There are 2 protein chains.
Amino acid sequence: MITKVLIAEDHQSVNISVQKILEELAIMNTAYAYYCDDALNMIAQAVRANSSFDLLITDLSFLPDGHKQVLSDGMELITAAREVQPDLNILVFTAENRPAIIDQLYNKYDIDGFVPKARNDARALKEAINEIALHRRYFPRHIRQLIDKKNAYSFSEFDITIITLLAQGMLQKDIPAHLQRNGIKPSGLSSVEKKLNQMKDALGFTKNEQLVAHCKDLGAI
Amino acid sequence: MITKVLIAEDHQSVNISVQKILEELAIMNTAYAYYCDDALNMIAQAVRANSSFDLLITDLSFLPDGHKQVLSDGMELITAAREVQPDLNILVFTAENRPAIIDQLYNKYDIDGFVPKARNDARALKEAINEIALHRRYFPRHIRQLIDKKNAYSFSEFDITIITLLAQGMLQKDIPAHLQRNGIKPSGLSSVEKKLNQMKDALGFTKNEQLVAHCKDLGAI
DNA sequence: TATACGATTACGGTTTCCCATAAAAAAAGG
DNA sequence: CCTTTTTTTATGGGAAACCGTAATCGTATA
């Protein structure tokens, strides 16, 4: 049963609506935060007071606005929250639709539900909360498809490192030295070239510029 | 005086809040649409019925969801709306924060106000509506700064063409032929190289990959 | 220890890109 | 109409990237 819920959402306009939705579900014990740090503090304090939250509804992107924060986005909040309260249910409510991000949430962060901000998000939120109350994960079908589609090519950490360096202006021939300095295993120039060719081949690309553009679209870099 | 307002916003959660905000401003004559096409129809019909809207509050991104639409985003809606009702006040309410996009809204689409979805967006919306009622444009200071900052380098159509081609995988040496086929004036390879150098120089870059990444971030391509 | 195998790295030739300079063309000015 | 200036285009040498192949390293196995 879900009775105590925390909303972490920096958009006031959305925050208001989520509160209203919880009211309609007869969940009266709610709290809300506009910053990740505030949210984490509330979670920690609730744990200490033996009245921990049953559910965290959080956005992913939190715009910086001058207030210095330890946690800068929803991903970090999720990690930190799980540390202070491992059994906390987490529902991500966001406009983010880049497959690489959602895939991470599902497979790495192991969140309990995902609701995209969209035309029927109010109804979807209610469904999601009800599902999570029944200990089931909530991921709409079209979201699952999105995750699968991105698996056209699954970028490894090594892939991302190389493309990021290129996008930052490093010469290909200088990458090996950088990899060695950071203790990254395959560091030969040939290995870098091979990886780039693998990626381009898998995606039907011919130039590094395409890889950079594609990763930007996916949100991988 | 603003008495009749149309909300075009596909996120139900946001749409609800905006309606509530208008209520608080004692604006009771409101309508809302989840699709651009619907919004345009409502505007056109109101004009025909001699009861046109005073203000359109619109988002920019409208997610496609199967329903085939003529207008696919807020930019197109704005253009179409201005055709059927040139004096319509337009307030853009969006999470979009790419400078190139906001710059276009301000200088090309000539909208009356811009409110970013953020921590105090409910209050900002009220301020914006009040300002517009007084026939003043509403653009928060930090938004103006954002527009100016992007003017570190102002991409021309030619610039964008070249970078887009690179991001699509075209070899640099093949670009001149493409430019000629499309009747674009400077088409020599040297001209392409010169432009690329100008851009990289202005932005402190050394590689084309950086340009592609930067333009993706800006929303220029 | 020897050997086989996969992964990584090194090397050489070709293509593309980069950059400076010069020629040609177009525009501006007298 | 000619000169001056600017813009565009052409050319060539050198650097980087591309690509196939060979050498090397590391590990597992007999």
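Within every chain, numbering begins at 1; the chains are lettered A, B, ... in the order of the sequence lines, protein sequences first and strands thereafter. Computed from a prediction, not measured in an experiment: that's the story for all the values here.
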- Query: With the threshold set at 4.0 Å, does a side-chain nitrogen-carboxylate oxygen contact exist between A:D217 and B:K216?
  - Reply: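 Answer for the salt bridge query: yes.
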- Task: For the pair A:K117 and B:D10, find out whether any cationic side-chain nitrogen is under 4.0 Å from an anionic carboxylate oxygen.
- Result: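 A salt bridge is absent here (no side-chain N lies under 4.0 Å from a carboxylate O).
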- Task: Is it possible for you to check whether A:R119 lies under 6.0 Å from the centre of the six-membered ring of B:F62, through NZ or CZ, and within 45° of that ring's axis?
- Result: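 No, A:R119 does not lie over the aromatic ring of B:F62.
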- Query: Should the pair A:R137 and A:Y106 be classed as cation-pi, given the thresholds of under 6.0 Å to the six-membered ring centre and 45° from the axis?
  - Reply: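 Because its charged atom sits under 6.0 Å from the ring centre and within 45° of the axis, A:R137 does stack over A:Y106.
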- Whichever of A:S191 and B:N197 has its nearest DNA chain C nucleotide further upstream toward 5':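 The answer here is A:S191.
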- DNA chain D-proximal residues of residues 176-186 of chain B, any heavy atom under 4.0 Å: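 Contacting residues: B:K185, B:P186.
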- Would you say the side chain of B:F155 lies within less than 4.5 Å of the side chain of B:L218, judging by non-hydrogen atoms?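 Touching, per the 4.5 Å side-chain cut-off.
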Going by atom type alone, with no hydrogens or angles, which donor-acceptor pairs under 3.5 Å involve a side-chain atom of residues 187-194 of chain A and a protein atom two or more places apart or on another chain?
none

Distances under 3.5 Å between nitrogen or oxygen atoms of protein and nucleotides 14-17 of chain D:
unit_1, atom_1, unit_2, atom_2, d
D:dA17, OP1, A:Q172, N, 2.7
D:dA17, OP1, B:K207, NZ, 3.4
D:dA17, OP2, A:K173, N, 3.0

- Who passes salt bridge (charged side-chain N to carboxylate O under 4.0 Å, His left out) against A:D121, sequence neighbours left out?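 Not a single residue meets the salt bridge (charged side-chain N to carboxylate O under 4.0 Å, His left out) criterion with A:D121.
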- Under 6.0 Å from the OH atom of B:Y138, do we count more than 12 heavy atoms belonging to anything else shown?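 Yes, OH of B:Y138 has more than 12 neighbouring heavy atoms, counting only those of other groups under 6.0 Å.
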- Residue pairs, two or more places apart or on separate chains, that pass side chain to side chain donor-acceptor pair (under 3.5 Å) and touch residues 74-86 of chain A: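 Every side chain to side chain donor-acceptor pair (under 3.5 Å) pair that includes a residue of residues 74-86 of chain A, provided the two are not neighbours, is A:S72-A:E76, A:R82-A:D112, A:Q85-A:D87.
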- Item | Range on DNA chain C touched by chain B, heavy atoms, distance below 4.0 Å |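 Endpoints of the contacted stretch of DNA chain C: C:dT16 to C:dC19.
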- Query: In terms of ring plane angle, is the pair A:H214 and A:F205 parallel, tilted or perpendicular, where the classes change at 30° and 60°?
  - Reply: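 The arrangement is perpendicular - the two ring planes meet at more than 60°.
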